[in-house]
Amino acid sequence: MFLVPDRHSLRRLGHDLALVLPGLALTLLSIVLLLPLAAVSAALALVWIGLLLFPLTLSLASIFARLDRSRLRRWGLEMREPRYQARGRGATGLLRLVTDPRRWLDLAFEALIALPVRVLTVGATVAWAALALGGLTFWFWGRFLPDSGMPVPGQWALALVLGLALALSFPAMVHALALLDIVVSAPLLGGAVPGSPRRTPFPSIAGGAVDTRVREGAWTWMTVAFVSFVLVVVSWPVTAALYDVHPAAAMLVSIAAALAGLLAVRWPWAGLALSVLAALSMMLVTAPVQASLPWPWPVTSLLAHCVTLTVLAILHRWYWSVSAWSGGALLTLVSLLITEPRMRAEDALPEITTNGVVLVAISGGVVLLGLTVRQWLLVSGQVEQAQTLSADQVRRRHELEERSRIARELHDVVAHSMSVITVQAGTAKFRLPGMDSQTEQEFEDIAASSRQALGEMRSLLATLRTDDSLDEMPMPGLGDVPELLEASRATGASISADLSPADVPPTVGLTAYRVVQEALSNALRHSRGAAIRVRVVPSAGTLLVEIANTAPDTGQDPIPGSGLGLAGARERVTALGGTVEAGPSAGGGFIVSAEIPIADPLPG
């Protein structure tokens, strides 16, 4: 993270710079104004004039402190408002400013404490940026430097690597300096709000929204690319200077050897082929000095080959790394066989043989180590997956237990009472002889409504007690809305309906039914005696559901409710991509309007 800035850190960079850079200018301005005023006030305090300048100095210090608090709030820190003493009128009010310890603390911070902190943060930021820019452009301005007589091989490449490292770490460094400024400034300016120290608009990427596999792949590419770049900037000057190879040829073979490891991350066959080809090319271009320097495997070529073997062994199946190792061993054997007879007669042959044995041994160890790491990663992934599955099963079991407990509570509290209501309403005509037909019909409607509520309660209990699919469980839909309206009319309410038949998915029909049910329930409870109008019609790919009632009868008290019904209906409609609007109408009534997309967004 420190050397590889991501999108989050790059977006945060401007935010941090806006906090760090203006701080020094603000501090210098405050010191220029506050220190002379404080010195003059202290010098003239004996003649009473200083007592008039001290309130001005303290008020000015509080103004600068307020500007610093604004800087911290814009960065994202929630600052507590300071408590200044109430200022009175006249001379007494000015003297009260002098006795306010909070204002003296503002003066001490702005005039003394802030300067070293701001000099450090701004100086480090500017120096870091200058060094990064200087390293990246050394290839241009370095040629104008006087000759020191002791040239460093590849110094421009080293400067480029240093500049690149500083540039990549610049966002993290600026963020650390911003935090340093905040750690020092926030407590002295009043302190941050406890429990909510930051309100940064940049969300953290450490959450579960980022796919772990993608992040690991990005880190793999970054790491191999960085290692390959270092190999190029080291191998190129070493091959050209020590082995007396033309710079263009040295550059080509160095880039090819380093690029093999990068290609092997995604395409193992390409990395293997390029690694063997680069090693063969390195042997050919360095063959003229095989008697005096390590050959056929120069150190840089050996390192590049081992990097490719490491990538193949960790990221791919075992036969890719073994094939690459076999290719390196075969090249070593071929180089020994084609060595000039003059070299065999001299003492250089043992050194060449030793170089080949070192390559075979080291590369073999790298392959074994890489395969071990790969196996460990696979086993760790399997263990983590098993633990995740086990934790998921435990969570699901706890959820089922909690659902069963809730179902038992609902059954004990509600189901028994609903059963009693059903039985009492159904047997009323037998227990109470002499009822007229209208009263008898009223009791039958009550029994029918209670039986329907009891059936829906049993469906809810089944939902809570199972974790399987509930597709076969009967659920109400648009076809049940007329029956719901008839049951509601049995209460004496005046309900008019405009229902257009529509072919909608079951989830849409169930949602529309629940919206109508909840809106009717609210109208019957809170607007007793009001006329209710229900409208359910399809329109342009959506199902319009509208329930409106007129002003309620003020002579009756509304029946209290839980206040959660409309929220639940809104959640149902929003889950399907629709919208719900509820509020008072122009005539003193209430209206609930929902638009539900007819296309079912849920998988079938």
Side-chain angles (χ1 to χ4, degrees), residues 410-411 413-461 474-501 509-510 512-537 545-566 568-569 582 584-585 587-592:
L410 287 175
H411 183 273
V413 173
V414 181
H416 176 70
S417 299
M418 293 300 299
S419 299
V420 171
I421 294 174
T422 303
V423 173
Q424 288 180 341
T427 60
K429 62 181 179 180
F430 303 107
R431 293 183 293 101
L432 303 174
M435 290 189 301
D436 55 14
S437 59
Q438 184 177 1
T439 305
E440 185 176 337
Q441 182 63 38
E442 186 76 15
F443 277 107
E444 289 181 359
D445 292 339
I446 294 175
S449 298
S450 60
R451 281 194 297 270
Q452 181 181 0
L454 187 59
E456 293 185 0
M457 176 62 66
R458 288 169 177 166
S459 298
L460 176 61
L461 297 180
M475 292 293 180
L478 283 184
D480 299 307
V481 171
E483 183 179 353
L484 175 63
L485 298 180
E486 289 298 327
S488 301
R489 289 191 182 101
T491 64
S494 175
I495 303 177
S496 62
D498 179 12
L499 306 178
S500 297
L510 174 61
Y513 180 88
R514 293 304 185 194
V515 172
V516 174
Q517 184 183 42
E518 180 57 33
L520 284 176
S521 178
N522 286 341
L524 294 176
R525 281 199 306 266
H526 304 295
S527 302
R528 301 175 65 185
I532 305 174
R533 177 174 55 86
V534 178
R535 183 167 175 259
V536 181
V537 295
V545 181
E546 184 178 287
I547 302 92
N549 61 268
T550 59
D553 186 357
T554 57
Q556 300 184 21
D557 296 331
I559 302 175
S562 64
L564 301 177
L566 284 179
S585 60
F590 197 85
I591 183 171
V592 177

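Numbering of residues begins at 1 and proceeds along the displayed sequence. All figures in this text were calculated on a predicted structure; none of them were measured in a lab.
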For N549 and S585 the tightest heavy-atom approach is O-OG, 4.3 Å

Find the distance between CZ (R533) and CD1 (I591) and round it off to the nearest 0.5 Å. 6.0 Å

Residues two or more places apart in sequence or in another chain: which of them pass salt bridge (charged side-chain N to carboxylate O under 4.0 Å, His left out) with E442? none

Would V592 and V545 satisfy side chain to side chain contact (heavy atoms under 4.5 Å, CB included), going step by step from the backbone distance to the final call? CA-CA 8 Å; V592 177; V545 181; over 6 Å; no

Taking every non-hydrogen atom, the tightest pair across A530 and A551: CB-O, 3.7 Å

Verify side chain to side chain contact (heavy atoms under 4.5 Å, CB included) between I547 and N522, making sure each step is shown before the conclusion. CA-CA 10 Å; I547 302 92; N522 286 341; over 6 Å; no

Roughly how far, to the nearest 0.5 Å, is the CD1 atom of I495 from the CG atom of L524? 6.0 Å

Gap separating the CZ atom of R489 from the CG atom of D445, nearest 0.5 angstrom: 12.0 Å

Please set out all donor-acceptor pairs under 3.5 angstrom arising from side-chain atoms of residues 476-484, sequence neighbours excluded.
unit_1 : atom_1 : unit_2 : atom_2 : d
D480   : OD2    : G477   : N      : 2.9

By salt bridge (charged side-chain N to carboxylate O under 4.0 Å, His left out) - contacts of D498 (at least two apart): R535

Can you check whether A531's main-chain N or O pairs, donor with acceptor, with T550's side chain at less than 3.5 Å? yes

